[in-house]
**Q** 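First the structure, which I've put down as structure tokens, then a few questions once you've had a look.
Each chain gets a letter, A, B and so on, in the order its sequence line appears, and its residues count up from 1. No experiment lies behind these values; they were computed from the predicted model shown.
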Protein chains: 2
Amino acid sequence: MKENEKLVGRCPYVTAQKVLSGKWSLLILHYISEKTLRFNELQRLMPDLTQATLTRQLRALEENGLILRKVYHQVPPKVEYSLSDIGIEFNEVLEKLEVWGKKYIQSHFQAHLEPDI
Amino acid sequence: MKENEKLVGRCPYVTAQKVLSGKWSLLILHYISEKTLRFNELQRLMPDLTQATLTRQLRALEENGLILRKVYHQVPPKVEYSLSDIGIEFNEVLEKLEVWGKKYIQSHFQAHLEPDI
DNA sequence: CTGCATCCTAGAGGATACTG
DNA sequence: CAGTATCCTCTAGGATGCAG
């Protein structure tokens, strides 16, 4: 689980893989890319994550420099998440990924399902 | 670890995340996208994976329909890996990802290191 | 509202040895 | 050459409860 560490920071693919390893990272980035969001807004958008997990994923993305965390010191607390510069650049990837993901779903899940989320 | 299963096949991001969850999947796809490769060629390109791990990653990519596995029944055996149709389409993502990954590395790893792999 | 602390489990992936 | 078969460790992430 640690043998690719030496490639992080050198190989763009290994580095990207590492940064995006969170199970929900792509979805979170997608939502935040559309609009700055508060913690509970993200929760409502993704009811399948627990609070603890959402927190961890957000921390990881923040530590990796993809998102910004702005805290309003007030009661009750308010925290907003937005994309960093490099996070904004990731939109290019996200767009291609969405297109590809839809094609993939079309070709692998032929059943009629509810619309995308 | 199973709570996003219901979104696989519906949400392109969750689906993509799942398909690409292997630690080496992006790198493997990158190499195969350039050229059909044999098992031992992949091994030599990525000396950090053990045989067992490489096999598992390839199996996963094959099961997810991204790569093709062609077996030549001869002695010694010969197996070639190449991209499937949907795998070829993934090149669009890969290209953007590589560009972004390099930018990310530039902005986060300022030290002078050996060239990319 | 936005977390952190704790516990727990599944499974990814590394190491090593063996095989048709 | 291209794998299996084991074993073992580690950590991501789910569940739940508490807190400023």
**Q** Starting at atom CG of Leu54(B), determine the distance to atom P of dG13(C), rounded to an integer number of angstrom.
**A** 12 Å

**Q** Using whole Å, report how far CH2 of Trp24(A) lies from P of dG13(D).
**A** 10 Å

**Q** Gln51(B) CD to dA15(C) P: how many Å, rounded?
**A** 12 Å

**Q** Where the side chain of Phe39(B) is defined as all heavy atoms beyond and including C-beta, which of dA2(D), dG14(C), dG3(C) is the nearest nucleotide?
**A** dA2(D)

**Q** With sugar-phosphate meaning primed atoms plus P, OP1 and OP2, does Thr55(B) contact a base, only sugar-phosphate, or nothing at under 4.0 Å between heavy atoms?
**A** base

**Q** Would you kindly give the CD-to-C1' distance between Glu80(A) and dG3(C), to the nearest whole Å?
**A** 16 Å

**Q** Can you tell me the distance, in whole Å, between the CD atom of Glu41(B) and the P atom of dA2(D)?
**A** 8 Å

**Q** With a cut-off of less than 4.0 Å, is there a side-chain N or O of Gln57(A) near OP1 or OP2 of dG13(D)?
**A** yes

**Q** Which value, rounded to the nearest 0.5 Å, describes the distance between Asn91(B) atom CG and Ser33(B) atom OG?
**A** 4.5 Å

**Q** At less than 3.5 Å, do the side-chain atoms of Arg56(A) and the base atoms of dG3(C) form a donor-acceptor pair?
**A** no

**Q** Provide, to the nearest angstrom, the distance between the CE atom belonging to Met46(A) and the C1' atom belonging to dG13(D).
**A** 15 Å

**Q** Would you say Arg69(B) places a side-chain N or O within less than 4.0 Å of OP1 or OP2 belonging to dG3(D)?
**A** yes

**Q** Test your reading of the model: is there a side-chain donor-acceptor pair from Thr36(B) to the backbone of Ser82(B), 3.5 Å cut-off?
**A** no

**Q** Atom CG of Leu20(B) to atom P of dA12(C): distance rounded to whole Å?
**A** 15 Å

**Q** For Lys78(A) and for Ala52(A), find the nucleotide of DNA chain C with the closest heavy atom, then tell me which residue's nucleotide is more 5'.
**A** Lys78(A)

**Q** Using heavy-atom distances to pick each residue's nearest nucleotide on DNA chain D, tell me which of Ser21(A) and Pro77(A) is more 5'.
**A** Ser21(A)

**Q** It should be established whether Thr53(A) places a side-chain nitrogen or oxygen under 4.0 Å from OP1 or OP2 of nucleotide dG14(D).
**A** yes

**Q** Between dC1(D), dC1(C), dG14(C), which nucleotide gets closest to the side-chain atoms of Arg38(A)?
**A** dC1(C)

**Q** Does Glu89(B) come within less than 4.0 Å of Lys103(A), counting only side-chain N to carboxylate O?
**A** yes

**Q** Nearest to the side chain of Asn40(A), heavy atoms from C-beta on, is which of dT16(D), dT2(C), dA2(D)?
**A** dT2(C)

**Q** Whole angstroms only, please: what is the CG-P distance between Leu61(B) and dG13(C)?
**A** 11 Å

**Q** Just to be sure I understand the rule, does Tyr72(A) reach a base, reach only the sugar-phosphate, or reach nothing, if contact means heavy atoms closer than 4.0 Å?
**A** nothing

**Q** How long is the gap from CG on Leu94(A) to CH2 on Trp100(B), to the nearest 0.5 Å?
**A** 10.5 Å

**Q** Out of dT2(C), dT16(C), dC1(D), which has the shortest distance to the side chain of Val79(A)?
**A** dT2(C)

**Q** For Tyr81(B) and dC1(D), is the shortest distance between a side-chain N/O and OP1 or OP2 below 4.0 Å?
**A** no

**Q** Of the candidate nucleotides dT2(C), dG3(C), dG14(D), which contains the atom at the shortest distance from the side chain of Lys23(A)?
**A** dG14(D)

**Q** Check this for me, if you would: do Lys96(A) and Glu92(A) make a salt bridge, where the nitrogen-to-carboxylate-oxygen distance has to be below 4.0 angstrom?
**A** no

**Q** Measure the spacing between NE2 of His30(B) and CH2 of Trp24(B) and express it to the nearest 0.5 Å.
**A** 13.5 Å

